Amino acid sequence: MYIGIDLGTSAVKLLLMDKAGQILNIVSREYPISFPHPGWSEQDPADWWNAVCDGIPELLKGFDASLVKGIGAGGQMHGLVVLDKDDSIIRPCILWNDGRTQTLVDHLNNVVGKETLSKYTANIAFAGFTAPKLLWMRQNEPALFARIAKIMLPKDYINYKLTGTHCTDYSDASGMLLLDVKHKCWSQEMMNICGILESQLPKLYESWEPVGTLTAEAAQTLGLPQSVVVCAGAGDNAAAAVGSGAVGEGKCNISLGTSGTVFITSEKFGVDEKNALHSFAHADGGYHLMGCILSAASCNKWWMDDILCAEDYPAQQKPITPDKLGSNDVYYLPYLMGERSPHNDPAARGAFLGLRMDTTRADMNQAVLEGVAFAIRDCVEIARAQGITVTHSTLCGGGAKSPLWRQIMANVLDMTLQLPQTEQGPGYGGAILAAVASVADCAKALVKIKSETKPDPELIQKYNAKYSVWKQIYPTLKPLE
């Protein structure tokens, strides 16, 4: 058996898989997020580890723990975890959706220069990336910065607690703005810019490579044999792509999780010429282009939970009948935490537009779903402008559970969307990485498609017209930020 860890923003999801790819059990444990200032977002890495320690024994109840052979993790990307010389946590992790670094991002992009950054790392600076957070620490917390002995990413901290090894993988490291993605090594130029040494960075691995076995303490705490092998794992989007079968050349996976991503695979290294898409290493040993919107299913959760105080999501979507699709006059911008792709604007904010006296709750519910779909299309359009043809994609994440949202997405994107049999993308991908030497062969064998949602030609035309209006809203409102 193999354990997959999906270290998300709001919870860790733990998955137990047998060698045939069948999911035997799933356990989830939540932890808090702190917002100490507007636009800031932090978590205590100790909360992640406590959640893992609490959840794995529960995951193994009724199973023979001695049969567990490996553990693989997929985790939220970009978060800055810093340890001192005693491997103690120096400060809370600054998360992927934290926007405090914008002035430093502007410095990197405009003074160091986008072309230079792209040459060093294949990417430009975004507020969520790790390197700008290091610069922020150096500028605002110099005493804490001086204590840094090890820099790592969220899932790497879990791997460290499991094995005692300071490690990361190429897919997750790609989002730090510290990795030379093309050559798969740390960028000396970026280390110089950030004022850090290579000794402070973790050792690099391919996602499926073993980084160690369980420490005696971890084995005892989790109720597992010390011989369990831990692989390097992957960033959550790369792990989700593996778990959805998006490996090898020319595959696509779209995730509707807390954030939303478009993930397009390639066996060869390539860079979007405008750097609106990220150019990262993939967990299968190849590469991928990725567009990321910072608020996806979290928009619907915010709207339902905090504004409508509605617990039954399907009931709220029921009044959105087929005849309403492509005909909604209410528009929504999903920029609740700023935006990454394609605008790179932490100051962007959400908005409803087109409200009238006869606007209904259903109209606004529909606008939220459509606004996220339009933002995802922004990313897809960039790929298409590069000559990349995307006609099919797997779909994962919490938002993918909604048949209505799948239908809206398929028609907004003019794309057939395939729902994998197993919906636990990052956790399932982590378990696959722990189980195999050939990621592509294993994913092809284990990942099965449960259903397809095909676009409707009439709705495609309607949504093309709506998208042409929607994409004008952000540039129109930007001067008001």
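Values in this document were obtained by computation on a predicted structure and should not be read as measured data.
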Handout entry: Reference residue H278; test ring-ring contact (aromatic ring centres under 6.0 Å, His included); the match among F263, Y287, F129
Key = F129
Exercise for the section: Assess whether atom CD of E115 is packed by more than 12 heavy atoms of other residues, nucleotides or ligands within 6.0 Å. Expected result: no
Handout entry: Side-chain (Y31) to main-chain (A11) donor-acceptor, under 3.5 angstrom
Key = yes
Exercise for the section: Applying side chain to side chain contact (heavy atoms under 4.5 Å, CB included) between Y157 and each of V81, D87, L7, report the one that passes. Expected result: V81
Problem - Interatomic distance, L108 atom CG to I193 atom CD1 [nearest 0.5 angstrom] - result: 6.5 Å
Exercise for the section: Keeping the roles fixed (side chain from N25, backbone from L59), state whether a donor-acceptor pair exists under 3.5 Å. Expected result: yes
Exercise for the section: Test side-chain contact (heavy atoms from CB on, under 4.5 Å) on I158 and V52 and set out the steps. Expected result: CA-CA 8 Å; I158 298 302; V52 170; 4.1 Å; yes
Fill in the blank from the handout: Interatomic distance, CG@L16 vs CD1@I3, rounded to 0.5 Å, equals 6.0 Å
Handout entry: Derivation of the salt bridge (Lys or Arg N to Asp or Glu O under 4.0 Å) call for R340 and D345
Key = CA-CA 6 Å; R340 187 179 296 176; D345 185 2; over 6 Å; no
Practice task
Taking H288 for its side chain and A281 for its backbone only, find out whether a donor-acceptor pair lies under 3.5 Å.
Solution key: yes
Problem - Smallest separation among heavy atoms of A239 and G430, with atom names - result: CB-N, 4.5 Å
Practice task
Tell me, please, which residues at least two apart from W49 pass ring-ring contact (aromatic ring centres under 6.0 Å, His included).
Solution key: none
Practice task
Report the distance from atom CE of M176 to atom SG of C194, rounding to the nearest 0.5 Å.
Solution key: 9.0 Å
Exercise for the section: Would you confirm whether N123, through its side chain, and T121, through its main-chain N or O, come within 3.5 Å as a donor-acceptor pair? Expected result: yes
Exercise for the section: Check for a donor-acceptor pair, side chain of W186 on one end and backbone N or O of P202 on the other, with a separation under 3.5 Å. Expected result: yes
Problem - Side-chain H-bond candidate by donor/acceptor type, W96 with T9, under 3.5 Å - result: yes
Exercise for the section: Can you establish whether the number of heavy atoms outside K184 located under 6.0 Å from its atom NZ is more than 12? Expected result: yes
Exercise for the section: Would you check if the side chain of H282 reaches a backbone N or O of A246 as a donor-acceptor pair within less than 3.5 Å? Expected result: yes
Problem - Atom pair CD (E339) and CG (L333), whose distance is rounded to the nearest 0.5 Å - result: 9.5 Å
Practice task
Give a yes-or-no answer on whether the side chains of D312 and Q316 include a donor-acceptor pair shorter than 3.5 Å.
Solution key: no
Handout entry: Short side-chain donor-acceptor distance under 3.5 Å, E217 and T215
Key = no
Handout entry: Smallest separation among heavy atoms of A400 and R406, with atom names
Key = O-NH1, 2.7 Å
Handout entry: Distance in Å, D378 CG paired with I293 CD1, rounded so as to fall on 0.5 Å steps
Key = 9.0 Å
Problem - Candidate pair N253 and C396, rule side-chain contact (heavy atoms from CB on, under 4.5 Å), full reasoning - result: CA-CA 8 Å; N253 183 60; C396 67; 3.4 Å; yes
Problem - Any side-chain donor near an acceptor of the partner, N411 and Q407, under 3.5 Å - result: no
Practice task
Please assess R91 against E42 for the test salt bridge (Lys or Arg N to Asp or Glu O under 4.0 Å), listing each intermediate value before the final yes or no.
Solution key: CA-CA 9 Å; R91 69 165 336 277; E42 298 182 346; 3.2 Å; yes
Practice task
Return yes if some donor-acceptor pair links the side-chain N/O of N159 with the main-chain N/O of D156 below 3.5 Å, else return no.
Solution key: no
Exercise for the section: For the pair K150 and D84, find out whether any cationic side-chain nitrogen is under 4.0 Å from an anionic carboxylate oxygen. Expected result: no
Exercise for the section: Would you confirm whether T163, through its side chain, and G212, through its main-chain N or O, come within 3.5 Å as a donor-acceptor pair? Expected result: no
Handout entry: Basic-acidic side-chain contact under 4.0 Å: K274, D272
Key = no
Problem - Identified ring-ring contact (aromatic ring centres under 6.0 Å, His included) counterpart of F374 within the set Y335, Y474, Y332, W470 - result: W470
Practice task
Verify, without hydrogens or angle tests, whether D169 (side chain) and S207 (backbone) share a donor-acceptor contact under 3.5 angstrom.
Solution key: no
Practice task
Check Y331, W405, Y467, Y463 against E370 for a side-chain hydrogen bond (donor to acceptor under 3.5 Å, both in side chains) and give me the one that passes.
Solution key: Y463
Problem - Exercise: do D363 and T360 side chains pair donor with acceptor under 3.5 Å - result: yes
Completion exercise
Rounded to the nearest 0.5 angstrom, the CG-CD1 distance for N109 and I124 is 5.0 Å
Handout entry: NZ/NE/NH1/NH2 to OD/OE distance under 4.0 Å, D172 and K155
Key = yes
Completion exercise
Closest heavy-atom pair, G291 versus L277, reported as atoms and distance to 0.1 Å, is CA-CD2, 3.5 Å
Problem - Worked check of side-chain contact (heavy atoms from CB on, under 4.5 Å) between L117 and M190 - result: CA-CA 8 Å; L117 293 176; M190 288 307 301; 3.7 Å; yes
Exercise for the section: Search all heavy atoms of A431 against all heavy atoms of L15 and return the closest pair with its distance. Expected result: CB-CD2, 4.0 Å
Fill in the blank from the handout: For Y313, the ring-ring contact (aromatic ring centres under 6.0 Å, His included) test, sequence neighbours excluded, returns none
Fill in the blank from the handout: Here the pair of heavy atoms bringing E206 nearest to A232 is O-CB, 3.5 Å
Practice task
Might you work through the side-chain contact (heavy atoms from CB on, under 4.5 Å) test for E189 and K119, ending with a clear yes or no?
Solution key: CA-CA 10 Å; E189 294 88 351; K119 178 182 176 183; over 6 Å; no
Problem - Whether Q200 side chain and I148 backbone form a donor-acceptor pair below 3.5 Å - result: yes
Practice task
Ignoring hydrogens and angles, state whether a donor on the side chain of Q76 or Q43 is under 3.5 Å from an acceptor on the partner side chain.
Solution key: yes
Problem - Distance-only donor-acceptor check, side chains S393 and Q418, under 3.5 Å - result: no
Problem - Other residues, nucleotides, ligands: >12 heavy atoms within 6.0 Å of K466 NZ - result: yes
